[in-house]
Amino acid sequence: MRATARVRSTLQAALARVAAKGGLGEANPGDVRDFVIERPKRAEHGDYATNVAMIAAKRAKKPPRAIAEALALELGADDVIRSAEVAGPGFVNLRVQPAVLHDELEEILREGTSYGKAPSATKERIHLEFVSANPTGPINVASGRNAIYGDTVGRLLEATGNRVTREYYINDFGNQIRLFAASVRAAAKGEPIPEDGYHGEYVQELGTFLTRNAPAIVESGGEDLARLCVTYMLRGIPGSSSLPGIRTSLASIGVYFDNWFSEESLHRWGAVPAALAELENKGFLKAKDGAVFFVMPDKDGKAADDKDRAVKKSDGNYTYFASDIAYHADKVARGYDRLITVLGADHHGYVARVRNALEALGLPSEKYEALLYQLVYIFRNGQAVKSSKRAGNFVTIEEVADEIDDAAGRKGAGSDAVRFFFLSRSASTNVDFDIDLAKKESLDNPVFYVQYGYARLSSILRKAESQGFSIPKSLSSAQWQKLAHEDELALSMRLSEFPQIVEDAAESREPHRVVFYLQELAREFQSYFTRMKVDPILPPDSIRSAENWEKTWDSEKTMARLAWIVAIRNVYAAGLALLGVSAPEEMRRPSDAADT
RNA sequence: GCGCCCGUAGCUCAGCUGGAUAGAGCGCCGGCCUUCUAAGCCGGUGGUCGACCGUUCGAAUCGGUCCGGGCGUGCCA
């Protein structure tokens, strides 16, 4: 962060001067690390606050306030720091010169919506596996959380200089798929669906569709039918609303993949037996009761898992875990620096298993990173709904999004609202999702508040152009000086936080930090916007109707504020794009739109 | 039993790599549209941060014990 970096170096220089004058006692300024320069919670504590004096106090063996006083004296006023004062137990509160903020705004204008992003993808090559929902049913709300969380982590990682490959692992092998194909076949032939089979309406629809288009394959059943079922579950049935296809559903909430990786292909190419053979050679497999187990390795003298895990069942079939070993070995072989998998908390036991298997294979298990999110619980009118694909009892992500589209009167509003809803909670929190409440309160979603701010900013710029102002792309420092209102500078300060927010959010894999930042930014702007109606950015008609109004109107100030508006709008746009949420140029309350 | 996550305002949640008077949205009460979008703004209401001990100049934040909720602990995926 430019502004912060300048404050930091100014502070360090001042600290060195304090030391030179003996203010740090025995301690060297270089010893004073781990201090923070942060934005205080309270505005009256300045633009920045630092605990450096309190950190230095221990080494210097001097009271924190004495060091703080000396530091504040050295900081005095220069071209970066406007004022420095000591507060509380030894904080130094700093206010920066407006020019520091003006420089930051100028940078935002220069970088546009790239502001806050790393210049190029040079950090890591990252493989990001997420969703990977069984292709035996549509994308439900729970999978939606995975999709939205994973996708946004991907966006954050890209923004911070990584190259990300997004992959959906298709579980198109094994019991569930066989069962699914059998259910589809039964439905197609008008026979009863197996007890433990799949009962959703879409099963019937798929059966009917396949009977019409590929009767021979339906008749024969078997592998070919299973594959065909998976294909249409992913692709969808043309024109069907109950079977839009997993791919389409995900696209409708802004989630896309680079690769769709088939579990079945691992078996077809012998990758599974190959991986197991290697484990066998290294002594990690053990037969018991006709089945084969992966023996948990030791780690630091302790068992790395609770128990041995089956890789081959006594009926001769491989387990899901066996495929997963081969799958992760394959990921490693593809040469990524980091393998991230997004998993629901119900899969958390899996993490140790995969890591142990990679280690046993002699592969770098530290590349493997699992992102766990807590589960989503579905409610209808306050009643818990057991979501089950087999029972055909689930709520699709599109159903929810479509409802909100209707309420808001805008296509895409539902995707925005659902994304924002999930992203505003940290992954470690359980989510209760009440369908009826979500529909009823859909317009209360905070996403619209943020978008409304963006629409207002856009509206100001439109209006300015219609009045003949040209939107500035850059200002001189003399021109920037017109931007001097306390609230305008405070908001500029807020903008300067954005790059750090993005970095922290990416580093911690916590998209909600961006969400909360945008809400704060929106609040600050909307408050300013309403309160400043007495001192408008643009000349109102009452002034413009007067003769020679240009002579009395401060157009320089208008230009400075317009440039500032562009900067704010850039940060909004950049932030919303990171969340995969749209930035509408115009927004009207749905009830107003209905009136016209 | 063991492992992971959670417990903060009436509700939904931020804040957790220790800092100043614990925040937001929704709800509730009261105000603000003849000038850049009222999906807005301003003010008010509302909290023993699950409990107790400990570490610290300082704990919602770190450690321990306990209580409560979710998930896992399959030769299912």
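These numbers were taken from a predicted model, which means no experiment stands behind them. Labels below follow one simple rule: chain letters A, B, ... track the order of the sequence lines, proteins then strands, and each chain is numbered from 1.
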**Asked** Between rA39(B), rG70(B), rG40(B), which nucleotide gets closest to the side-chain atoms of Q526(A)?
**Response** rG40(B)
**Item:** Distance test, side-chain N/O of S459(A) to OP1/OP2 of rU37(B), below 4.0 Å
**Value:** yes
**Prompt:** Which of these nucleotides, rA20(B), rA77(B), rG70(B), is closest to any side-chain atom of P40(A)?
**Reply:** rA20(B)
**Asked** In which ranges does RNA chain B form stems of 3 or more consecutive Watson-Crick or G-U pairs, distances under 3.5 Å?
**Response** B:1-7 with B:67-73, B:10-13 with B:23-26, B:27-32 with B:40-45, B:50-54 with B:62-66
**Asked** Taking the side chain of A455(A) as its heavy atoms from C-beta onward, which of rA14(B), rA38(B), rU37(B) lies nearest to it?
**Response** rU37(B)
**Prompt:** How many Å lie between CD1 on I460(A) and C1' on rU37(B), as a whole number?
**Reply:** 9 Å
**Prompt:** Taking atom P in both rC62(B) and rU8(B), what distance in whole Å separates the two?
**Reply:** 16 Å
**Message:** Please classify rC33(B) as syn or anti, treating any glycosidic angle within 90° of 0 as syn.
**Reply:** syn
**Asked** Between rU37(B), rC75(B), rC41(B), which nucleotide gets closest to the side-chain atoms of Y452(A)?
**Response** rU37(B)
**Request:** May I ask you to verify if any side-chain N or O of K533(A) is less than 4.0 angstrom from the OP1 or OP2 atom of rC32(B)?
**Result:** no
**Asked** Taking the side chain of R309(A) as its heavy atoms from C-beta onward, which of rC76(B), rU73(B), rA39(B) lies nearest to it?
**Response** rU73(B)
**Asked** rU21(B), rC36(B), rC42(B): which one has an atom nearest the side-chain heavy atoms of E44(A)?
**Response** rU21(B)
**Item:** Base of rA20(B) and ring of H45(A) stacked, centres under 5.5 Å, planes under 30°
**Value:** yes
**Item:** Closest-nucleotide ordering on RNA chain B, the 5'-leading residue of P89(A) and P540(A)
**Value:** P89(A)
**Request:** Return the orientation label for the Y528(A) and H485(A) ring planes: parallel under 30°, perpendicular over 60°, tilted otherwise.
**Result:** perpendicular
**Prompt:** Start at the 5' end of RNA chain B and walk down; is the nucleotide closest to F293(A) or to P539(A) reached first?
**Reply:** P539(A)
**Spacing of the P atoms in rC5(B) and rG43(B) (rounded, Å)** = 39 Å
**Request:** Between rG7(B) and rA60(B), how far apart are the P atoms? Round to whole Å, please.
**Result:** 15 Å
**Message:** Work out how far the P atom of rG44(B) is from that of rG64(B), and round it to whole angstrom.
**Reply:** 41 Å
**Asked** Closest to the D306(A) side chain: rC5(B), rU73(B), rC41(B)?
**Response** rU73(B)
**Prompt:** Is the side chain of R380(A) donor-acceptor paired with the backbone N or O of D434(A) at a distance under 3.5 Å, no angle test?
**Reply:** no
**Asked** On a whole-Å scale, what distance lies between the P atoms belonging to rG58(B) and rC53(B)?
**Response** 16 Å
**Request:** Write down the distance separating the P atoms in rG15(B) and rG72(B), rounded off to the nearest Å.
**Result:** 25 Å
**Request:** Report yes if at least one side-chain N or O of S424(A) is closer than 4.0 Å to OP1 or OP2 of rA14(B); otherwise report no.
**Result:** no
**Request:** Can you tell me the distance, in whole Å, between the CE atom of M54(A) and the P atom of rG19(B)?
**Result:** 10 Å
**Prompt:** Do F529(A) and the base of rC36(B) stack face to face, with centres under 5.5 Å apart and an angle between planes under 30°?
**Reply:** yes
**Asked** Can you check whether Y449(A) has a side-chain N or O nearer than 4.0 Å to OP1 or OP2 of rC41(B)?
**Response** yes
**Request:** Tell me whether the OP1 or OP2 atom of rA38(B) has a side-chain N or O from R456(A) closer than 4.0 Å.
**Result:** yes
**Message:** Classify the ring geometry of Y368(A) against H328(A): parallel below 30°, tilted from 30° to 60°, perpendicular beyond 60°.
**Reply:** perpendicular
**Request:** State, yes or no, whether a side-chain contact exists between K557(A) and D535(A) at a heavy-atom distance under 4.5 Å.
**Result:** yes
**Request:** For this output row, return yes or no: ring centroids of F173(A) and Y318(A) closer than 6.0 angstrom.
**Result:** no
**Request:** Please report the C-alpha distance between I565(A) and F525(A) in whole Å, then the side-chain angles of each, then the deciding distance to 0.1 Å, and finally whether the side chain to side chain contact (heavy atoms under 4.5 Å, CB included) criterion is met.
**Result:** CA-CA 10 Å; I565(A) 293 287; F525(A) 165 68; 4.2 Å; yes
**Prompt:** What's the closest nucleotide to the R589(A) side chain, out of rA39(B), rC36(B), rA14(B)?
**Reply:** rA39(B)
**Item:** Between rC36(B) (C1') and R544(A) (CZ): distance, integer Å
**Value:** 11 Å
Table of protein N/O atoms under 3.5 Å from nucleotides 60-63 of chain B N/O atoms:
none

**Asked** Looking for any heavy atom pair under 4.0 Å, which part of the strands does D289(A) touch: base, sugar-phosphate only, or nothing?
**Response** base
**Request:** To the nearest Å, give me how far apart CG (L375(A)) and P (rG70(B)) are.
**Result:** 12 Å
**Request:** For rA77(B), take OP1 and OP2 only and decide whether either is under 4.0 Å from a side-chain N or O of Y320(A).
**Result:** no
**Item:** Per-nucleotide protein contact string for nucleotides 7-12 of chain B, where B marks a base within reach and S marks sugar-phosphate only (heavy atoms under 4.0 Å, - for neither)
**Value:** -----S
**Message:** Under 3.5 Å, is there a donor on one side chain and an acceptor on the other for Y572(A) and Q451(A)?
**Reply:** no
**Asked** Any side-chain heavy atom of Y198(A) within less than 4.5 Å of one from L179(A)?
**Response** yes
**Request:** Using a 4.0 Å heavy-atom cut-off across all strands, classify S426(A) as base, sugar-phosphate, or nothing.
**Result:** sugar-phosphate
**Asked** Once you round it to whole Å, what is the distance between P of rC13(B) and CZ of F422(A)?
**Response** 12 Å
**Asked** Which whole number of Å gives the distance between the P atom of rA14(B) and that of rG50(B)?
**Response** 14 Å
**Residue list, salt bridge (charged side-chain N to carboxylate O under 4.0 Å, His left out) with D554(A), at least two apart or on another chain** = K482(A)
**Asked** Is the aromatic ring of F91(A) within stacking range of rA20(B), meaning centres under 5.5 angstrom and planes under 30 degrees?
**Response** yes
**Request:** Verify whether the ring centers belonging to Y169(A) and Y327(A) lie closer than 6.0 Å.
**Result:** yes
**Message:** As a test of reading the structure: which of rU37(B), rA20(B), rA77(B) is closest to the side chain of E586(A), going by heavy atoms?
**Reply:** rU37(B)
Pairs under 3.5 Å (N/O, protein and nucleotides 23-25 of chain B):
| from | atom 1 | to | atom 2 | distance (Å) |
| --- | --- | --- | --- | --- |
| rA24(B) | O3' | R523(A) | NH1 | 3.2 |
| rA24(B) | O2' | R523(A) | NH1 | 2.9 |

**Message:** Of the listed nucleotides (rC75(B), rG15(B), rC6(B)), which one gets closest to any side-chain atom of S428(A)?
**Reply:** rC6(B)
**Request:** Ignoring backbone atoms, establish whether T530(A) has a side-chain N or O less than 4.0 Å from OP1 or OP2 of rC36(B).
**Result:** no
**Prompt:** What interatomic distance, in whole Å, is found between C1' of rU12(B) and the corresponding atom of rG27(B)?
**Reply:** 11 Å
**Complete:** Quick note, salt bridge (Lys or Arg N to Asp or Glu O under 4.0 Å) partners involving residues 312-327 of chain A, not counting sequence neighbours, are none
**Distance in angstrom units between E524(A) CD and rG40(B) C1', rounded** = 16 Å
**Asked** When the distance from NE2 of H348(A) to P of rG72(B) is rounded to whole Å, what number comes out?
**Response** 9 Å
**Request:** Would you indicate whether E195(A), at its atom CD, is surrounded by more than 12 heavy atoms from other residues, nucleotides or ligands within a distance under 6.0 Å?
**Result:** no
**Asked** Rounding to a whole Å, what distance do you find between N93(A):CG and rA20(B):P?
**Response** 12 Å
